[in-house]
Amino acid sequence: MLKDITLGQYFPGSSPLHRLDPRLKLVLMIAFVVLIFFAKTLLSFAYLVVLMAGLTALSGIRVKAILKGLKPVIFIAVFTAVINLFWTTGEVPLVSFWRINIYPEGIWRAVYLIIRIMALVTGTSLLLTYTTTPMDMTDALEALLSPLKKIRVPVHEFAMMMTLALRFVPTLIEETEKIINAQKARGADFESGNLLRRAKALIPILVPLFVSSFSRASELATAMECRCYTGGEGRTRMKQLRLTGKDWVIFLILLSLFAAIVLINFIPFPWGTVL
Amino acid sequence: MQKEAIITCTDLTFRYDTDQPAARPAVDGVSLTVRRGEFLVVLGRNGSGKSTLAKLMNGILLPVEGTVLVGDMDTADEKYLIPIRRKVGMVFQNPDNQLVSNVVEEDVAFGPENLGVPPAEIRRRVDEALQTVGMSEYAHHAPHKLSGGQKQRVAIAGVLAMKPDCLILDEATAMLDPRGRQEIMETITTLNKKHGITVVLITHHMEEAIAADRVVVMEKGRVTEEGTPREIFSHVEKMKRAGLGVPQVTELIHELSWDGSLSGRYSFPSGILTEAEAAEFFTELLEKNHG
Amino acid sequence: MAEIRLEDVSYLYGADTPFATAALSHVSLTLGEDRTIGVIGHTGSGKSTLAQLLNGILRPTRGRVLLDGKDIFADPKKIGAIRFRVGLVFQYPEYQLFEETARRDIAFGPRNMGKSDDEIAALVEEAARFTGLDEKLLERSPFELSGGQKRRVAIAGVLAMDPEVLILDEPAAGLDPAGKQEILTRLRAYQREKKKTMILISHSMEDMAVFADEIVVMKHGTVFCHDTTDGVFSDPERVREAGLELPQITRLMMALAAKGVPVDTGIHTVKAAKACLSALLKGGDAPC
């Protein structure tokens, strides 16, 4: 069910990850996303798995919830993995039938890719969405991007839009599900027919969804006006971001753990292929 | 002595289609004063203009004709927009479309943050507001997991954190179940009686008008009735014609008074609203009858 | 005309997750033909889940739902046909409107059934008549209509499938008293004239006291009681136990009875109360 999607959701808690300054978390996330692409050997990918397990433990979020969050990307992961499995050529094929050869290199690549995609999703979710409230995230983004204000980039507006989008994800998911059920009750069929027919079958879902989203947006705008919102200028925040020594310590530890991905590549290891 | 006026509407007219001057305006020549500290209910059918009137009261909509004064500030004067909205807070019908954050307390903080209140003071106000509406234990929850009544209480807290003088509930109970409606009624009664906040409740549920200090009935953009709940509901036929209904006991006594063989012998007072009053009335009547 | 039976039906939300919660547990219920049945309970009592189980939008975790004695999931591939026989109108159904005109929107269901154009026209006509939508309204965009009109178009969209059983989840939610009265009166007339099984999901004892032949009270995912409307009201204290508010008129009767006035505390309409009290006031001594 759509409702079960946990991706992009916040899990309340008070773990060290939850309490870490969101600006540092954002920097960590960017570092993580970059460094993840430096993993080249089996050992470094294995390290990635350990790292994810460590981050999960640190966040205090249940493993089940994290795995549930991965559900929506399984398809993409498997799809890319399969492509790599068939299209990677190596020296000695492991299996070969008809015109297809599967090489050990292909298998390794497929495994690496799955780990990479999963780590990408888990890592960014754990560092950001799962452990950071959208408001904190907005603040962090705004703070980090604030130099851009000088060149007239509407940083605050951009950050606010992001907060609102996140706030409305669960609402819109619920709404979509409701509309699907209502149209099913009128005999709508979303599962059979060719591509064109299926695309057409979406109209009874998309039109109501658009109509209600627009009315939601306009009601929300009115409600925000009523609460004296006039943009970023003159706004204060209840929660002030303040960097403490503890923040820096956790930040530096995590950053070095991430950087270790690159170094581990240099450890010679007999198994696995090198990307 | 009449209490000080907090909102003064004079000869208000408003239409959504300004290019169709022939069409009936949504609000048509309404004059109405909201007095400090009162609990005012604006009762009307869907489409009677009650919601438009609410939106005129804090400058979300501006009148085509007439004026709205909040204190002595004109809503049409742009420089007063923020002070007016701080003074006159508004809660809307759909709780999902007015909460801005994924976390209850951050949502409540949104108003004071916009006003530039210092952080420590915001913290204090948020805690106090959540306490007042009885939602403190949900401070860190996500709004979309709360019940309708709880969401609306969070929305009310969000207004309270701006320290308003007046709270307008624009059909804020329309989408709630009976339990949620009761939660809201209890919350606003406390706000009105204990905290002295002026409450304007816009609704079509006549039951919600019974506890009001004053009721205004709207029909087709006009104010057609004004008075205490007792006065308003004594006009049973009129209320029914307005599509609003009256309490069942009020209707019962009204029906009995139309029975010729009874109305000769008994006098049936109008304006009995609660079952306790009605029970007392009937027992007295029957005792006299048999005694 | 059809009868729906639930046999020991349970439904768990998130059945395959550690957060599984029972929305309905061990419900056995027979909803007979040619009558209006009110299903009443608080939010979270399982009444909306029940509605969605009856036409196969949800599938029971345990137990069976039988339509005229046949399991609706006997062939899961044919569940679509069941949905045409058991029409379900969701809460705030106006959110499902999408077509260019109200007429086309109402025709969406019958068209999915594969009806011919003539049949569709006749079905739309009939559904519009029962919901009180006139010709001119049908040609307009559903998005231009008032709230009450949209609601009626959405309900007509399910009526137009001419289902044997019609379930409506809070059809009057958010409408003003006159709007509510109109829609419930029209639905009641439809049920009587077409001798359908109609199931109204509601929060309100007061509405159901007037419009239902039978009442099912739901509490914590189970059937708290199921009886004729008179039967349910014969023990108003029990209704209170389910946490539901009694109609004011019943509360008056209970208050009078407590003061020693010989009235029937099962009275639940203003009409009945008037008859009873005017008899007493005219000097009758017989309890009523």
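Just so we're on the same page: letters track the sequence lines, and every chain starts at 1.
Shown here for B:Ala279 and C:Leu252, the closest heavy-atom pair between the two residues is N-CD1, 3.4 Å. The shortest heavy-atom contact between B:Arg265 and C:Leu281 is NH2-O, 3.4 Å.
For C:Asp176 (side chain) and B:Asn46 (main-chain N/O), a donor-acceptor pair under 3.5 Å exists by modelled atom type.
When the heavy atoms of residues 178-189 of chain B are compared with those of chain C, the residues falling under 4.5 Å are B:Pro178, B:Arg179, listed by number.
Contact of B:Asp259 with chain C is made through the side chain alone, with heavy-atom distances under 4.5 Å. For C:Ser146, no part lies near chain B; criterion is any non-hydrogen pair under 4.5 Å. Contact of B:Glu171 with chain C is not made at all, since no heavy-atom distance falls under 4.5 Å. Interface remark: B:Leu43 contributes no atoms to any contact with chain C (heavy atom separation under 4.5 Å). With a 4.5 angstrom heavy-atom cutoff, C:Gln181 does not touch chain B via any of its atoms.
Atom NZ of B:Lys145 sits in a sparse spot, with 12 or fewer heavy atoms from other residues, nucleotides or ligands closer than 6.0 Å. Within a 6.0 Å sphere centred on CD of C:Glu100, other residues, nucleotides and ligands contribute 12 heavy atoms or fewer. In this structure, C:Lys282 places its NZ atom where more than 12 heavy-atom neighbours from other residues, nucleotides or ligands lie under 6.0 Å away. In this structure, B:Arg214 places its CZ atom where more than 12 heavy-atom neighbours from other residues, nucleotides or ligands lie under 6.0 Å away. In the displayed structure, C:His226 atom NE2 is contacted under 6.0 Å by more than 12 heavy atoms of other residues, nucleotides or ligands.
With chain C as partner, the option from B:Gly47, B:Gly245, B:Pro247 having the largest number of non-hydrogen pairs under 4.5 angstrom is B:Pro247. The candidate with the highest count of non-hydrogen atom pairs below 4.5 Å against chain B, out of C:Val270, C:Thr269, C:Leu244, is C:Val270. Put simply, of C:Met253, C:Glu182, C:Arg251, the one with the most heavy-atom pairs under 4.5 Å next to chain B is C:Arg251.
Taking CD from B:Gln248 and CD from C:Gln248, the interatomic distance works out to 6.0 Å, rounded to the nearest 0.5 Å. Atom-to-atom distance recorded for B:His254:NE2 and C:Lys274:NZ is 9.5 Å, nearest 0.5 angstrom. One finds the CG atom of C:Leu280 at 5.5 Å from the CG atom of B:Leu286 (value rounded to the nearest 0.5 Å). Once rounded to the nearest 0.5 Å, the distance linking OG of C:Ser204 with CG of B:Asp177 reads 12.0 Å. Note that CG of B:Leu176 is 10.0 Å distant from NE2 of C:His203, once rounded to the nearest 0.5 Å.
In this structure, C:Tyr92 and B:Met175 have side chains that are in contact, with non-hydrogen atoms separated by less than 4.5 Å. Inter-residue side-chain proximity for C:Lys259 and B:Glu280 is flagged as met; some heavy-atom pair is nearer than 4.5 Å.
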